[in-house]
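Remember, it's 1-based here, ligands and their atoms both numbered in the order they're listed. Note that this is a predicted model, so its numbers are computed, not measured. Excluded from the calculations below are hydrogen atoms, water molecules and symmetry mates; all remaining heavy atoms, backbone and side chain alike, are included.
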Amino acid sequence: QVKRSGKNGYRFFAPELNTRHQGRIAIENDLRVALKLGQLELHYQPQVSLSQRRVVGVEALLRWNHPDDGLISPAIFIPIAEELGLIGEISRWVLEQACAQLAAWQKRGHDNVKMSLNLAAYDFDRGDIVAEVTDCIARHGLPPGQITLEITEHMMMQDTPGVTAKVRRLREAGVGIAIDDFGTGYSALAYLQKLPISALKIDRSFVKDLGGLMTNPIISAIIGIARGFDLDLIAEGVEHAQQAAMLRALGCDVMQGYYFARPVQADDAEALFSMPPRSVSG
Ligand code: C2E
Ligand code: MG
Ligand code: MG
Ligand code: MG
């Protein structure tokens, strides 16, 4: 759905933007303006521990609040921002915003909630991501262990120069590293031996197919890997009580998905910190 259109750069055709007479927009200009005018916002999706019966973390998810087109998904504009070289600016904004928000929550007593945020492949290929992250965390007076950076398995496989070293330095600084969408990357598992990551996120495609003959063994295997490497484990995309119950039966405790909460604005997320999450029976 994203199309390249000659020297004007990127134009894009997506249902979200296919509004009224205006079938396309110049995304590059609009994205630059979005950054300047503060049209980007972070929403926060709770991560729930069933055994602790509380929200143990949130994932910061970026939205572009476009004046004409409403909220635009990062799945649409992040890849374009990467190609346009705007991802550094966006990631720095996300990092700053997420750290500031976590610090504000901690000041109000919510000091047992962690923050996860997503980085793009190119973040490991530009500037010094290690310094950016550790400086930002320090500036906000946060314990580094309260921040987890989510990177996809796909990014690990691209073999970006130095990515292993950067991940190691971030871990040495105490920052968490989670492999997002785990199990979808056609990967050799060898990188798990080399990268000192701290968490795995079971991709929602597996959660969706739970109960299927071929899916439960995969989830069990992922849970086994997490245990073997002593990694935190989060299942994402949990939409139904039954999925949560099956995941728990397989040995997964922390979950994220519409069943528990959608990504919401900061205040709404905070309200969920003091409420027990929806129950899971069976
Ligand atoms: P992700 O990191 O795997 O994030 C999970 C996505 O699944 C989010 O989509 C979330 O809204 C959605 N989701 C959560 N629970 C459910 C559920 O129960 N069912 C279904 N169907 N979906 C669920 P979102 O917010 O549209 O983000 C899409 C992707 O964009 C993210 O996937 C992440 O890769 C990327 N992204 C989001 N925010 C950022 C950011 O700040 N920086 C970068 N570089 N990438 C980001
Ligand atoms: Mg993520
Ligand atoms: Mg994911
Ligand atoms: Mg995903």
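- Proximity to Ser73 (heavy-atom distance under 4.0 Å) selects the following atoms of ligand 1: 26 (O).
- Within the listing of ligand 1, atoms 15 (N), 18 (O) sit less than 4.0 angstrom from a heavy atom of Gly257.
- Residue contacts with ligand 1 include Leu119, since one of its heavy atoms falls under 4.0 Å from the ligand.
- Residue-ligand proximity, Ala120 to ligand 1, at heavy-atom distances under 4.0 Å covers atoms 44 (N).
- With a 6.0 Å radius and a threshold of 12 heavy atoms from other residues, nucleotides or ligands, Glu89 has its CD atom at or below the threshold.
- At least one N or O atom of Leu62 sits closer than 3.5 Å to an N or O atom of ligand 1.
- Both the sub-6.0 Å distance and the 45° axial angle are not jointly satisfied by Arg126 relative to the ring of Tyr122.
- Considering backbone and side-chain atoms alike, Tyr258 places an N or O below 3.5 Å from some N or O of ligand 1.
- Among the backbone and side-chain atoms of Glu236, no N/O/S atom is found under 2.8 Å from the Mg ion (ligand 2).
- Geometry about the Mg ion (ligand 2) gives an angle of 90° between OE1 of Glu150 and OD2 of Asp180, rounded in steps of 10 degrees.
- For Glu132, the CD atom is densely surrounded, since the number of other residues' heavy atoms within 6.0 Å is greater than 12.
- If you look at Arg63 next to ligand 1, the close heavy atoms, those under 4.0 Å, all belong to the side chain.
- Contact annotation: Asn118 places an N, O or S atom under 2.8 Å from the Mg ion (ligand 2).
- Trp64 and Val264 are not part of a single hydrophobic cluster, where members link through side-chain heavy atoms under 4.5 Å apart.
- Close approach of ligand 1 to Val238 is summarised as follows: ligand atoms under 4.0 Å from at least one heavy atom of the residue are 18 (O).
- Per residue Glu59, closest N, O or S atom to the Mg ion (ligand 2): atom name OE2.
- Remark: ligand 1 atoms within the under-4.0 Å shell around heavy atoms of Val94 are 41 (O).
- Atom CZ of Arg227 has 12 or fewer neighbouring heavy atoms from other residues, nucleotides or ligands inside a 6.0 Å radius.
- Shown here is Leu213, whose CG atom has no more than 12 heavy atoms of other residues, nucleotides or ligands within 6.0 Å.
- Against a heavy-atom cut-off of under 4.0 Å, Arg204 is close to the following atoms of ligand 1: 6 (C), 7 (O), 12 (C), 20 (C), 21 (N), 22 (N), 23 (C).
- Distances from the Mg ion (ligand 3) to the N/O/S atoms of Asp181 are shortest for OD1.
- Ligand 1 lies nowhere less than 4.0 angstrom from a heavy atom belonging to His43.
- With Met115 as the fixed residue, the side-chain contact (heavy atoms from CB on, under 4.5 Å) test singles out one of Ile137, Val58, Thr148, Leu149: Val58.
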